[in-house]
Amino acid sequence: MSHPRVSHRRLFRRVHILPSLITLGNFACGFLSIALCLNALFFSTRAVTLEEKNTGTTMSVSEEHVQYEDKATRNAMAILSVRGNQARAGSLFHWACVIIFLGMLFDMLDGKVARHMGADSAFGTELDSLADVTTFGIAPAIIVNTISLAVMPVTYAWWSQVIIFGVIFAVCAVLRLARYNIQSGTADKNIFSGLPSPAAAGCVVSAVLLSEGDYEFVEAICSWLAGTPFFGVTTVQVKARILSVFLLLPGLLMVSTVPFTHVANRYLSGKKSFTILVLLVLLLAVMWQEPRLVLFIAFNGYLALGLLVAAQRWWVGDKRTVPVALVEDEAEIDAVDEEDDKDEADEIIRKDGE
């Protein structure tokens, strides 16, 4: 019996447009975030160059009055140019972080739209994983790396911990998404095995946004750590070192088996209580006033809560999890008991017949 041959080219043409466009929007956010980081590093480097030229410019007292005014004007313009380039670099770093959260919105919508349209496919799953690797695996590591390059001295080693931790973060994101693709058909829809990659990216990016904000407690901590051998001599260098450490824990948790709650499926899907709606409205109102602080608390609190719940289950013992060997033993015992009960019933029927 011959089977009809289907052209691979024809199969590839059958792509669901709307979910694929939303997933490509997620990928575009990751690419734009990386591009904004590179542009920010360019403006930051140009600001340092202009500042060095301005510092090296000296004026002699014996110069003519017109020449003195010309040099003073040029120095003032150079200072304004330095500040302008620094402000431009800071703005680009800020938007490189914000656009990651836009990618999270696209990532949440593409799955919802695909399931609503009945458009789940292997192509969509692979495309979503590639977009997630770019936006939530590579882009956060590059953000932290470019910030470190912008503030650290020229003699700073390229193989420093920010590079090593960035590589670990990106590699763990790739491994986590590869494992998720294999387990997506059998895993619990309300529980993640390991920290999801958008949450890991949110932990890192929210820390970057918090370091940019004008918070006294952040400045106090960085001032206290400044001057130590590990963290650096200035507050900006301390912030860069702390951000590099922030890459390590979320990266390792992505490839762990620590259970994390699927917030969207658990609390946002379907009909929920009126209290949850009120709490979400209050959360959005607070986020409108302090977005940096709320995002940092939300993502890193989610990470800390997952670790606390996992530690409690490990310490107390999770009664809901039963070892596989024990389940197999109980199944054998039940089978033996069932066979014994059947033999006893046959014996009773035989005696009644006699």
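Computation of the quantities below employed the complete heavy-atom set of this structure, encompassing side-chain atoms and omitting hydrogens, waters and symmetry-equivalent molecules. By convention here, the first residue in the shown sequence is residue 1.
- Legend: side-chain hydrogen bond (donor to acceptor under 3.5 Å, both in side chains) pairs involving residues 245-261, not counting sequence neighbours: none detected.
- Using a 30° and 60° split on the angle between ring planes, Phe260 and Tyr302 fall in the tilted class, from 30° to 60°.
- Ring centers of Phe169 and Phe136: at least 6.0 Å apart, outside the cut-off.
- The CG atom of Asp128 lies 13.0 Å from the CZ atom of Phe106; values are rounded to the nearest 0.5 Å.
- Ser129 contributes atom OG, which lies 13.0 Å from atom CZ of Arg179 (distance to the nearest 0.5 angstrom).
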Could you go through Ser197 and Leu177, starting from their C-alpha distance and side-chain angles, then the distance that decides it, and tell me whether this counts as side-chain contact (heavy atoms from CB on, under 4.5 Å)? CA-CA 8 Å; Ser197 56; Leu177 290 165; 3.9 Å; yes
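- Cluster partners of Leu21, by chain and number: Ile17. The rule joins Ile, Leu, Val, Met, Phe, Trp and Tyr whenever side-chain heavy atoms lie under 4.5 Å apart.
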Please table the atom pairs, donor to acceptor, closer than 3.5 Å between any side-chain atom in residues 279-290 and protein atoms at least two apart or in another chain.
residue: Glu290; atom: OE1; partner: Tyr215; partner atom: OH; Å: 2.7

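- A pairwise comparison of heavy atoms in Ile143 and Ala96 identifies CD1-O, 3.7 Å as the closest pair.
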side-chain contact (heavy atoms from CB on, under 4.5 Å) between Ser211 and Leu243: does it pass, once the steps are laid out? CA-CA 9 Å; Ser211 66; Leu243 291 176; 4.0 Å; yes
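- Of all the heavy atoms in Lys112 and Met108, the pair that sits closest is CG-O, 3.2 Å.
- For residues 165-174, there are no salt bridge (Lys or Arg N to Asp or Glu O under 4.0 Å) pairs, not counting sequence neighbours.
- For Asn26 and Asp110, the side-chain atoms include no donor-acceptor pair closer than 3.5 Å.
- Using a 4.5 Å cut-off on side-chain heavy atoms (C-beta onward), Val144 and Phe246 make no contact.
- Atoms CD1 and CE, from Ile99 and Met104 in turn, are 12.5 Å apart once rounded to the nearest 0.5 Å.
- Between Leu253 and Leu307, some side-chain heavy-atom pair lies under the 4.5 Å cut-off.
- Put simply, OG on Ser244 and CD1 on Ile163 are 10.5 Å apart, with the number rounded to the nearest 0.5 Å.
- Identified under the salt bridge (Lys or Arg N to Asp or Glu O under 4.0 Å) test for residues 33-44, with sequence neighbours left out: none.
- Ile168 and Met254 end up in the same hydrophobic cluster when Ile, Leu, Val, Met, Phe, Trp and Tyr side chains are linked at under 4.5 Å.
- Proximity of a side-chain donor or acceptor of Thr23 to a complementary backbone N or O of Pro19 within less than 3.5 Å is detected.
- Residue Val309 shares its hydrophobic cluster (ILVMFWY side chains chained together at separations under 4.5 Å) with Leu305.
- Asn300 places a side-chain N or O within donor-acceptor distance of the main-chain N or O of Phe296, the cut-off being under 3.5 Å.
- A side-chain donor-acceptor contact under 3.5 Å links Ser206 to the backbone of Gly202.
- With hydrogens and angles ignored, the 3.5 Å screen pairs no side-chain donor or acceptor of Arg292 with any backbone N or O of Ala207.
- With values rounded to the nearest 0.5 angstrom, Leu293 atom CG is found 6.5 Å from Leu210 atom CG.
- Between atom SG of residue Cys29 and atom CZ of residue Phe101 there is a gap of 12.0 Å, rounded to the nearest 0.5 Å.
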Trp224/Glu219 under side-chain contact (heavy atoms from CB on, under 4.5 Å): CA gap, chis, key distance, verdict: CA-CA 8 Å; Trp224 178 64; Glu219 297 297 330; over 6 Å; no
